There are 2 protein chains.
Amino acid sequence: MTSLQNLELAVDEACCAPSGQAVLSAEDAQRKALVFKALADPNRLRLLSIVKGAGGGEACVCDLTEPLDLGQPTVSHHLKILVDAGLLHREKRGTWAYYSLVPGAIEQTAGLLASL
Amino acid sequence: MTSLQNLELAVDEACCAPSGQAVLSAEDAQRKALVFKALADPNRLRLLSIVKGAGGGEACVCDLTEPLDLGQPTVSHHLKILVDAGLLHREKRGTWAYYSLVPGAIEQTAGLLASL
DNA sequence: CACATGGATTGACATTCATCGATATAGTTG
DNA sequence: CAACTATATCGATGAATGTCAATCCATGTG
């Protein structure tokens, strides 16, 4: 991570410019692309799907490793990308880390498409 | 291109399974990821934006090379990815190739998010 | 405190990707 | 047909990405 240190909640930031009919600026395109990059991996899409359908709307890493058939470090890595993109929320309780959908983030991302 | 020879119109194919509450299958995730991969590049987002805002809803490569500050082969490459993803339509008239948004494709892609 | 466990981080490696220069193809025009 | 123009394709190259094994950190529990 070089110049893009702390770009959490990319979903929020990706819709700051007035938007509308003008051509997407390079900067706005960059921000929006970050969100879609997070969605551009089959395993990450499945992670979102599993978390969405999980009981209580949250799941811990141990629940996610097996269905994806991936190692724990890899799952942890994907989850971090989804958190950085503003799509997932992470809450640590005791030894476990619980991940849940950020409310409205999916809809907001869909909105990014409409405001192209 | 190896085993993924002819997967044009990925947007259409990416929503075939019944979908709903079940966890995304690996195959569905793969298909949906292809569409988001096409959107996961700032220059491709700008291409969509420019085509969307262009007069007559279409633009040729020569209109797109300059605003992106990219070489013609690179722009052509990006356009092909967007066409393969089912987001853009290509029509060749004379020497020029005119690109336009596939009607409903953007909305359909937004729908992919809702049906995660 | 020693140990076990859930999870994050690091480093390495192979694959994919964005970009470019060079070239090929296909219309257009003289 | 020759020259020109608009695009597409090819080959190479450097950067980004997905994955894993190993390790580290924190929180429990005996």
Side-chain angles (χ1 to χ4, degrees), chain A residues 1-5 7-8 10 26 29-30 33-48 50-51 58-85 88-100, chain B residues 1-8 10 26 29-30 33-48 51 58-85 88-100:
Chain A
M1 217 176 272
T2 57
S3 62
L4 304 171
Q5 310 95 331
L7 51 87
E8 307 217 341
Q30 178 89 29
L34 277 172
V35 182
F36 291 119
K37 256 196 250 269
L39 295 169
D41 179 275
N43 287 317
R44 286 199 287 271
L45 289 179
R46 298 189 77 197
L47 282 175
L48 288 177
I50 295 175
V51 169
E58 58 181 15
C60 62
V61 180
C62 54
D63 295 332
L64 301 168
T65 294
E66 183 223 325
L68 289 200
D69 197 33
L70 288 178
Q72 173 265 317
T74 304
V75 172
S76 213
H77 172 238
H78 285 311
L79 288 169
K80 177 172 171 41
I81 290 174
L82 290 170
V83 169
D84 288 350
L88 282 188
H89 172 251
R90 182 184 113 104
E91 184 189 352
K92 187 154 188 182
R93 287 203 301 273
T95 314
W96 289 271
Y98 293 93
Y99 288 86
S100 55
Chain B
M1 217 177 271
T2 60
S3 62
L4 303 173
Q5 310 95 332
N6 212 356
L7 51 88
E8 306 219 340
Q30 178 89 29
L34 278 172
V35 182
F36 292 118
K37 255 196 252 271
L39 296 168
D41 180 275
N43 287 318
R44 286 199 288 271
L45 289 179
R46 298 189 76 193
L47 282 175
L48 289 176
V51 169
E58 57 181 17
C60 63
V61 180
C62 54
D63 295 332
L64 301 168
T65 293
E66 182 225 323
L68 289 200
D69 196 34
L70 288 178
Q72 173 266 319
T74 303
V75 172
S76 214
H77 171 239
H78 284 311
L79 288 169
K80 177 171 171 42
I81 289 175
L82 290 170
V83 170
D84 288 350
L88 282 188
H89 172 249
R90 184 184 112 106
E91 184 188 354
K92 186 152 191 185
R93 287 202 303 270
T95 315
W96 291 269
Y98 292 92
Y99 288 87
S100 55

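What you see below is based on every heavy atom in this structure, not just the backbone, and it leaves out hydrogens, waters and symmetry mates. To find a chain, count down the sequence lines: A is the first, B the second, and so on, and within it residues start at 1. These figures come from a predicted structure and were not determined experimentally.
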Between [N] atom [atom2] and [X] atom [atom1], what is the distance in whole Å?
X: His77(B); N: dA12(D); atom1: NE2; atom2: P; result: 16 Å
X: Leu70(A); N: dA21(D); atom1: CG; atom2: P; result: 11 Å
X: Lys80(B); N: dT25(C); atom1: NZ; atom2: P; result: 17 Å

Legend entry - Comparing Ala97(B) and Gly94(A) on DNA chain D - which has the more 5′ nearest nucleotide: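 Taking each residue's closest nucleotide, the earlier one in sequence belongs to Ala97(B).
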Legend entry - Lys37(A) or Gly71(A), whichever maps to the more 5' nucleotide of DNA chain D: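 That would be Lys37(A).
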Which nucleotide in the list [options] gets nearest to the side chain of [X]?
X: Thr95(B); options: dT9(C), dG7(C), dT28(C); answer: dT28(C)
X: Val61(B); options: dG18(D), dA8(D), dG6(C); answer: dA8(D)
X: Asn43(A); options: dG7(C), dT19(D), dA18(C); answer: dT19(D)

Legend entry - Donor-acceptor contact below 3.5 Å, side chain Arg44(B) vs main chain Lys37(B):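 Answer holds: yes.
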Inset, instruction - Ignoring hydrogens and angles, answer whether the base of dA6(D) and the side-chain atoms of Gln72(B) contain a donor-acceptor pair closer than 3.5 Å. - result: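 No, no donor-acceptor pair under 3.5 Å.
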Contact class for [X] (heavy atom, under 4.0 Å): base, sugar-phosphate, or nothing?
X: Tyr99(B); result: sugar-phosphate
X: Lys92(A); result: nothing
X: Arg90(A); result: sugar-phosphate

Inset, instruction - Would you indicate, yes or no, if dA8(D) has its OP1 or OP2 atom less than 4.0 angstrom from a side-chain nitrogen or oxygen of Ser76(B)? - result: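 True: Ser76(B) side-chain N/O within range (under 4.0 Å) of dA8(D) OP1/OP2.
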Inset, instruction - Would you mind reporting whether Asp63(A) and Ile50(A) have side-chain heavy atoms less than 4.5 Å apart? - result: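 Of all side-chain heavy-atom pairs linking Asp63(A) with Ile50(A), none is under 4.5 Å.
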Legend entry - Beyond-backbone contact of Phe36(A) with Leu45(B), side-chain heavy atoms, under 4.5 angstrom: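 A side-chain contact exists here, since the closest heavy-atom pair is under 4.5 Å.
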